[in-house]
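Reminder, nothing fancy here: chain letters follow the sequence lines and each chain counts from 1. Values in this document were obtained by computation on a predicted structure and should not be read as measured data.
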Protein chains: 2
Amino acid sequence: MGDYPSPDMADVELVDVLKALGDPVRLQIVHKLADGEPKPKTLDGWGLDLTKSTMSHHFRTLREAGLTRTIVHGRTHAIQLRRDELDQKFPGLVEAVLGER
Amino acid sequence: MGDYPSPDMADVELVDVLKALGDPVRLQIVHKLADGEPKPKTLDGWGLDLTKSTMSHHFRTLREAGLTRTIVHGRTHAIQLRRDELDQKFPGLVEAVLGER
DNA sequence: CAAACAGTTCGACAACCATCGAACTGTCAC
DNA sequence: GTGACAGTTCGATGGTTGTCGAACTGTTTG
């Protein structure tokens with residue numbers, strides 16, 4: 001398989017981040033990623049009853065919007081929130097969205 | 001004309017707020033409202049080249065998502081960011097979206 | 001009252017999007 | 001190597017959305 005390029009944070013636009021977050025499935029995924037640890041895409045605990053192709057679509061959307069990065073490990077993939085970069089580019093945004101405070 | 005009810009902030013969902021903000025036109029409108037002052041819907045300075053019906057659609061979307069309130073003044077309407085309520089319900093969100101810091 | 005004005009609503013249209021199943025690609029285990 | 005496994009991609013489908021023009025509603029001003 002190919003690779004899964006995340007955009008440079010310099011090219012990430014706020015409106016695209018917000019659009020990606022403006023979907024209940026993706027917002028929930030981001031919540032599960034809040035602790036910063038990479039999570040396998042196969043995770044049972046997403047709490048979502050969707051097919052793999054739909055999940056794949058959302059993972060791609062999050063990655064292309066700049067919110068996550070994909071870590072390939074043989075035949076398994078993990079997804080991780082780009083927390084540090086996001087905090088630098090959009091200070092307070094992730095914190096506010098996750099409701100931490 | 002009827003009235004323009006804003007939802008109770010208790011009923012406002014984060015995902016709907018984010019979806020409303022995830023559009024370039026509406027994000028720009030919110031930026032213009034950042035100072036908290038009500039702005040007439042007729043404002044020339046929105047910086048948007050759209051018809052009145054399209055603007056009306058976006059104003060409605062923002063209001064129904066809980067982001068703004070409409071102030072009717074005879075035949076003119078003003079729109080205002082619900083800053084205090086939003087700050088209370090989603091601390092730091094508006095600040096982060098507006099890029100204040 | 002009549003005309004101008006501010007704004008909404010409606011219908012249409014195209015573009016986009018979430019979802020699914022099926023087919024496909026790459027990797028690991030046997 | 002062959003089959004199971006993890007994940008992506010593709011095509012289709014139905015629903016949503018952004019945009020416009022035209023018609024409409026309510027308000028102010030002559």
Where along residues 50-62 of chain B does a heavy atom come under 4.0 Å from DNA chain C, residue by residue in number order?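 Going residue by residue through residues 50-62 of chain B, the ones with a heavy atom under 4.0 Å of DNA chain C turn out to be B/K52, B/S53, B/S56, B/R60.
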Here the residues of residues 20-35 of chain A within 4.0 Å heavy-atom distance, strictly under, of DNA chain C are A/D23, A/V25, A/R26
Start with the C-alpha distance between A/R83 and A/E95, add both sets of side-chain angles, then the distance that settles salt bridge (charged side-chain N to carboxylate O under 4.0 Å, His left out), and finish with yes or no. CA-CA 9 Å; A/R83 183 73 194 250; A/E95 185 178 345; 5.1 Å; no
Please report, rounded to the nearest Å, how far the [atom2] atom of [N] is from the [atom1] atom of [X].
{"X": "A/H73", "N": "D/dG7", "atom1": "NE2", "atom2": "C1'", "answer": "16 Å"}
{"X": "A/L48", "N": "C/dA18", "atom1": "CG", "atom2": "C1'", "answer": "13 Å"}
{"X": "A/K39", "N": "D/dG7", "atom1": "NZ", "atom2": "P", "answer": "15 Å"}
{"X": "A/R75", "N": "C/dT27", "atom1": "CZ", "atom2": "P", "answer": "11 Å"}
{"X": "B/D49", "N": "D/dC20", "atom1": "CG", "atom2": "C1'", "answer": "12 Å"}
{"X": "B/K19", "N": "C/dA18", "atom1": "NZ", "atom2": "C1'", "answer": "10 Å"}
{"X": "A/Y4", "N": "D/dA6", "atom1": "OH", "atom2": "P", "answer": "15 Å"}

Beyond-backbone contact of B/V25 with B/I29, side-chain heavy atoms, under 4.5 angstrom: yes
Inset, instruction - Considering only NZ, NE, NH1 and NH2 on the basic side and carboxylate oxygens on the acidic side, decide whether B/E64 and B/R60 come within less than 4.0 Å. - result: yes
Q. Looking at the rings of B/F59 and B/H77, which for Trp means the six-membered one, are their centres under 6.0 Å apart?
A.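 Not under 6.0 Å, so no.
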Result for side-chain hydrogen bond (donor to acceptor under 3.5 Å, both in side chains) between A/H58 and one of A/R63, A/Q28, A/R26 points to A/R26
Q.
Give me the atom names and distance for the closest heavy-atom approach of B/L93 to B/L14.
A.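 Here B/L93 and B/L14 meet closest at CD2-CD1, 3.8 Å.
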| For C/dT8, does OP1 or OP2 lie under 4.0 Å from any side-chain N or O of B/H77? |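 Yes, because at least one side-chain N or O of B/H77 sits under 4.0 Å from OP1 or OP2 of C/dT8.
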| task | Apply side-chain hydrogen bond (donor to acceptor under 3.5 Å, both in side chains) to the pair A/T54 and A/T51, showing each step before the final yes or no. | result | CA-CA 5 Å; A/T54 301; A/T51 64; 3.1 Å; yes
Note to self: For B/G36, is there any backbone N or O sitting under 3.5 Å from a side-chain donor or acceptor partner on B/Q80?
What the structure shows: yes
Just wondering, are more than 12 heavy atoms of other shown residues or ligands nearer than 6.0 Å to NZ in B/K39?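 Atom NZ in B/K39 is crowded, with more than 12 foreign heavy atoms closer than 6.0 Å.
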Nearest-nucleotide check on DNA chain D, A/R63 vs A/T76; residue mapping nearer the 5' end is A/T76
